Colleague: 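This is the structure I want to talk about, given as C-alpha cells.
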Amino acid sequence: MTKNVRTRFAPSPTGYLHIGGARTALFAWLYARHTGGTFILRVEDTDAQRSTDASSRQILDAMEWLGLDWDEGPFYQSQRLDLYKSYVDKLLEEGKAYWCECSPEELEERRKIALEKGGKPKYDGACRTKGLGPGPGRVVRFNLPQSGITSFDDMIKGKITVDNSELDDLVLIRSDGMPTYNLTVVIDDALMNVTHVIRGDDHVNNTPRQVLLYTALGFDLPVFAHVPMILGADKTRLSKRHGATSVTAYKDMGYLPEALVNYLVRLSWSHGDQEIFSREELISFFDIQDVGRSAAVFNPEKLIWLNHHYIKTGDPHRIAGLLPDFIKARGYSVPDRTYLDRIVQDVRERTKTLEEIVDFGDFYFSEKEPPEGLKADFFKPELAGVFRSLVARFEKIDLSVKEQAEESVKGLLEETGMKFKVLAQPMRIALTGKTVSPGIFEIIATLGNERVIPRLKKALAYMEGQE
RNA sequence: GACCCCAUCGUCUAGAGGCCCAGGACAUCGCCCUUUCACGGCGACGGCGGGGGUUCGAAUCCCCCUGGGGUCGCCA
C-alpha cells in the first residue's frame with residue numbers, strides 16, 4: 001500500500017497572495033486532490049517584523065475565493081515556537097549547531113569584501129569553534145559539513161547536486177529568539193508528515209541545506225517538486241511593474257476564480273492540446289510528472305480570453321449574483337435579480353470581465369443621454385414620422401417579450417418600406433446613448449416598456465425639434 | 001562574481017529518435033455571417049538559439065557556446 005499523499009501550502013503573511021504563490025498552491029492542492037491525499041495550510045509567520053494578521057486573512061480569503069480548500073490547518077508557526085526550540089536544543093547538545101556572536105553589520109562587511117574578491121559571500125564560520133553559549137545579540141547557526149556533496153531528486157527538475165563547500169552555516173535562531181524559515185519548514189514538513197514538498201523554484205538553492213537539516217534532525221526526506229517561476233513580459237520575475245500580481249486584484253477587476261485557476265494551471269503544465277478545464281478534469285488529469293521545467297511568462301491577454309470564455313459560457317444567474325459589488329462601485333443602485341440575469345445574457349458575448357458588464361451595460365442601470373454629436377447625426381428630422389409610429393406601436397405591447405417587439409418593428413418596416421438598417425442605429429442610440437450595444441431587441445426586452453418608451457420619446461422630441 | 005536551473009511560433013504549450021519540411025491555444029491580420037459591437041466560422045502570418053557530435057535517421061540523446069532565470073539575508 002502506498003503512503004497517503006500529503007501536500008501543503010506555506011505562505012508567509014507579509015503581503016497579499018501573489019499570482020505565483022497561487023499557482024504553487026493550486027499545484028499542491030491539485031496533487032493532493034488527484035491522489036486522494038491531504039492538503040495542509042500552514043502560515044509561516046516567524047518574521048515578527050513583517051507578518052500581519054491582515055495579510056493572513058487576505059491570503060486565506062484569496063485561497064477560498066480560488067476554491068483551494070484545505071483539510072488541515074491553518075497552522076501558525078508563531079504558535080509552535082517551543083517545538084522548534086526543543087529541536088534546536090537537541091542540535092546544540094549534539095554539536096550540530098552553535099552560538100554565533102557576529103553582528104549583522106560585521107557580516108555585511110565581510111560579505112562585501114568576499115564579493116569584491118570574487119568569492120562566494122557566505123558565512124566564514126568564525127564562531128564555529130568558539131564554544132559560545134547563549135547571550136544577547138547572539139544567534140544559533142547550523143554546523144553543516146564543510147566537504148562532500150548533497151543531492152536530492154526533484155520530481156520536476158530531476159537530480160540536483162551541490163557541493164557542500166558552497167553552503168554556509170545558516171542561522172537557525174535569530175538574536176530575538178525567533179526561529180528562521182529553513183529550520184521551521186523542515187521541522188513542520190517532517191512533523192506534519194508532508195510527503196511532497198511542492199514549492200517555487202526560488203527554493204531550489206535552499207533545499208540542499210534543508211536536506212542536511214533533515215538528516216541532522218533524524219527525519220526522513222519528503223519528495224521535492226520545485227515549480228518553475230512565473231515571469232513578466234520582459235522575462236524578469238513577475239512583479240508590480242508588470243501589472244496586477246495579487247489574486248485579490250484580479251477578483252476586484254472582475255475576473256472569475258475559475259478563469260484564474262484555468263489560466264494559472266496552464267503555466268508550466270499541460271494536458272495535450274486542451275486549454276479549457278473544469279475543476280473535475282483538473283483533479284483527474286493533474287500530475288506533477290506533467291509539469292514542465294522552464295519558467296513561463298504571464299500573459300494577461302490569455303487570462304482575459306479565458307475570463308471571457310467563462311463569462312459567456314457560465315451560469316448567467318450565478319454571474320448576475322457577482323455583479324452587485326461592481327454596480328455599487330460605479331454608483332448605481334442594484335436592480336432586482338431577474339433584471340440582472342437578463343443583462344448578463346444580453347451582454348456577456350461582448351464583455352470580458354464583470355467590471356466590463358457594468359460599464360458596457362451602463363444604460364441598463366441609468367438612462368444615458370447620447371452625446372450631442374450622435375444626436376445630430378442620427379436623430380434626423382426625417383425619422384420623426386417612423387419614430388412616432390414606433391412609439392405608438394410599442395405603447396400597445398409588452399416589450400419584455402422579445403417576439404412582440406420584433407413583430408411590431410417588422411410590421412412597421414413593411415408598412416413604411418423602410419430598411420431596418422436605417423432605423424437600428426437611431427434606436428440603439430436612443431436606448432443606450434451609444435453606437436455599440438447588444439442586439440436591439442435584446443435590449444428592448446430587458447429594458448421593458450417603462451424604460452424604452454420614455455427614451456424613444458426623448459429621441460423623437462429631438463427629431464421634432466429639428467423640423 | 002560564484003553556484004543551481006532552464007532553452008519549440010511574440011506568449012502559453014504539444015512533441016518522450018522516424019507518425020513533424022513541427023500540432024493546438026492566446027494575440028495580430030484578412031474573409032464570411034450581421035441591426036452596431038461582439039460571438040461564431042474559415043484562412044493567413046509566425047518557431048525547434050548557435051556549433052559540434054551519436055545515429056541509417058534528431059525538435060527529441062551527448063558536449064561546448066550563447067541567452068535567460070534563480071540563489072548567495074538574523075525574508076520566506
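To find a chain, count down the sequence lines: A is the first, B the second, and so on, and within it residues start at 1. We use all heavy atoms of the structure for the numbers below, so side chains are in, but hydrogens, waters and symmetry mates are not. What you are looking at is a predicted structure, and each value in this text was computed from that prediction instead of being measured.
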Colleague: Would you mind building the protein contact string for nucleotides 3-19 of chain B? One character per nucleotide, 5' to 3', B for base within reach (heavy atoms under 4.0 Å), S for sugar-phosphate only, - for untouched.
Modeller: SSSSS---BBSS-----
Colleague: Using the C1' atom as the point on both nucleotides, what is the distance between B/G49 and B/G67, in whole Å?
Modeller: 7 Å
Colleague: Whether the A/Ser147 and A/Asn164 side chains hold a donor-acceptor pair (N or O, under 3.5 Å, no angle test) is what I'd like checked.
Modeller: no
Colleague: Indicate whether any N or O donor in one side chain lies under 3.5 Å from an N or O acceptor in the other, for A/Gln77 and A/Thr184.
Modeller: yes
Colleague: Calculate the interatomic distance between A/Tyr310 atom OH and B/C26 atom P; express it in whole Å.
Modeller: 13 Å
Colleague: Using a heavy-atom cut-off of 4.0 Å across all strands, would you classify A/Thr14 as base, sugar-phosphate, or nothing?
Modeller: nothing
Colleague: Could you tell me the separation between the CG atom of A/Asp202 and the P atom of B/G73, rounded to a whole number of Å?
Modeller: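 Atom CG in A/Asp202 sits about 15 Å away from atom P in B/G73.
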Colleague: Over 60° means perpendicular and under 30° means parallel, so tell me whether A/Phe224 and A/Tyr214 are parallel, tilted or perpendicular.
Modeller: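 Ring orientation, 0 to 90° scale: perpendicular.
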Colleague: Which nucleotide, in any strand shown, forms a Watson-Crick or G-U wobble pair with B/G1, with both distances under 3.5 Å?
Modeller: B/C72
Colleague: Please report the distance, rounded to the nearest Å, between CG in A/Asn206 and P in B/C74.
Modeller: 12 Å
Colleague: Taking atom P in both B/G53 and B/C42, compute the distance separating them and give it to the nearest angstrom.
Modeller: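 It works out to 46 Å between them.
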Colleague: Once you round it to whole Å, what is the distance between P of B/G69 and CE of A/Met229?
Modeller: 13 Å
Colleague: Output the rounded distance in Å from CZ (A/Arg199) to P (B/G70).
Modeller: 18 Å
Colleague: Does NZ belonging to A/Lys130 count more than 12 external heavy atoms closer than 6.0 Å?
Modeller: yes
Colleague: Verify the distance criterion only: is there a donor paired with an acceptor across the side chains of A/Asp163 and A/Ser165 at less than 3.5 Å?
Modeller: yes
Colleague: Give me the distance, rounded to whole Å, that separates B/C48 from B/C31 when you measure between the P atoms they each carry.
Modeller: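 Looking at atom P only, B/C48 and B/C31 are 30 Å apart.
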Colleague: With no hydrogens and no angle check, do the side chains of A/His308 and A/Thr353 hold a donor and an acceptor under 3.5 Å apart?
Modeller: no
Colleague: Within less than 4.0 Å of OP1 or OP2 of B/A76, is there a side-chain N or O belonging to A/Thr46?
Modeller: yes
Colleague: Does any nucleotide pair with B/G67 by Watson-Crick or G-U wobble geometry, both distances under 3.5 Å, and what is it?
Modeller: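 Base partner found: B/C6.
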Colleague: Let's see if you can work this out: which of B/C72, B/A27, B/C74 has an atom nearest to the side-chain heavy atoms of A/Glu301?
Modeller: B/A27
Colleague: Let's test this: given Watson-Crick or G-U wobble pairing with both distances under 3.5 Å, identify the partner of B/C31.
Modeller: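 Pairing partner, where one exists within any strand: B/G41.
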Colleague: Applying side chain to side chain donor-acceptor pair (under 3.5 Å), run through A/Thr236 and A/Arg241 and close with a yes or a no.
Modeller: CA-CA 10 Å; A/Thr236 62; A/Arg241 290 187 299 112; 3.0 Å; yes
Colleague: For A/His203 and B/C72, what is the distance between atoms NE2 and C1' respectively, to the nearest whole Å?
Modeller: 15 Å
Colleague: Using Watson-Crick or G-U wobble geometry with both distances below 3.5 Å, tell me the partner of B/U55, or none.
Modeller: none
Colleague: So which nucleotide does B/U60 pair with, by the Watson-Crick or G-U wobble rule with both distances under 3.5 Å?
Modeller: none
Colleague: Starting at the 5' end of RNA chain B and moving along, which residue's nearest nucleotide shows up first, A/Leu231 or A/Tyr181?
Modeller: A/Leu231
Colleague: Tell me: CD1 of A/Ile59 to C1' of B/A76, nearest whole Å?
Modeller: 11 Å
Colleague: State, without any angle test, whether A/Asp346 and A/Tyr364 hold a side-chain donor-acceptor pair at a distance under 3.5 Å.
Modeller: yes
Colleague: Looking for any heavy atom pair under 4.0 Å, which part of the strands does A/Arg111 touch: base, sugar-phosphate only, or nothing?
Modeller: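 Sugar-phosphate contact only.
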Colleague: Under 4.0 Å, heavy atoms only, any strand: does A/His226 hit a base, just the sugar-phosphate, or nothing?
Modeller: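 Nothing, no heavy atom under 4.0 Å.
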Colleague: Identify, with sequence neighbours excluded, every residue that meets salt bridge (charged side-chain N to carboxylate O under 4.0 Å, His left out) alongside A/Asp45.
Modeller: none
Colleague: Looking only at side-chain N and O atoms, does A/Tyr181 offer a donor or acceptor that is under 3.5 Å from a partner on A/Asn206?
Modeller: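 A/Tyr181 and A/Asn206 do not have a side-chain donor-acceptor pair below 3.5 Å.
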Colleague: Distance between the C1' atoms of B/C72 and B/C65, in whole angstroms?
Modeller: 25 Å
Colleague: Does A/Asp82 have more than 12 heavy atoms from other residues, nucleotides or ligands lying within 6.0 Å of its CG?
Modeller: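 It does not: A/Asp82 CG has 12 such atoms or fewer within range.
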Colleague: Taking the C1' atom in each of B/U13 and B/U8, what is the distance between them to the nearest angstrom?
Modeller: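 These two C1' atoms come out 9 Å apart once rounded.
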Colleague: Quick one: A/Glu106 CD to B/C74 P, roughly how many Å, whole number?
Modeller: 13 Å
Colleague: Quick one, give me the B/S/- string for nucleotides 31-51 of chain B, reading 5' to 3', where B means a protein heavy atom under 4.0 Å from the base and S means that only happens at the primed atoms, P, OP1 or OP2.
Modeller: ----BBBBSS-----------
Colleague: Determine the interatomic distance between C1' on B/A7 and the same-named atom on B/C63; round to the nearest Å.
Modeller: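 My reading of the C1' atoms in B/A7 and B/C63 gives 16 Å.
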Colleague: If I pick the P atom on B/C6 and the same atom on B/C45, what distance separates them, to the nearest angstrom?
Modeller: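 Rounded to whole Å, the distance is 34 Å.
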Colleague: Please report the distance separating the C1' of B/A76 from the corresponding atom of B/C39, rounded so that it comes out in whole Å.
Modeller: 45 Å
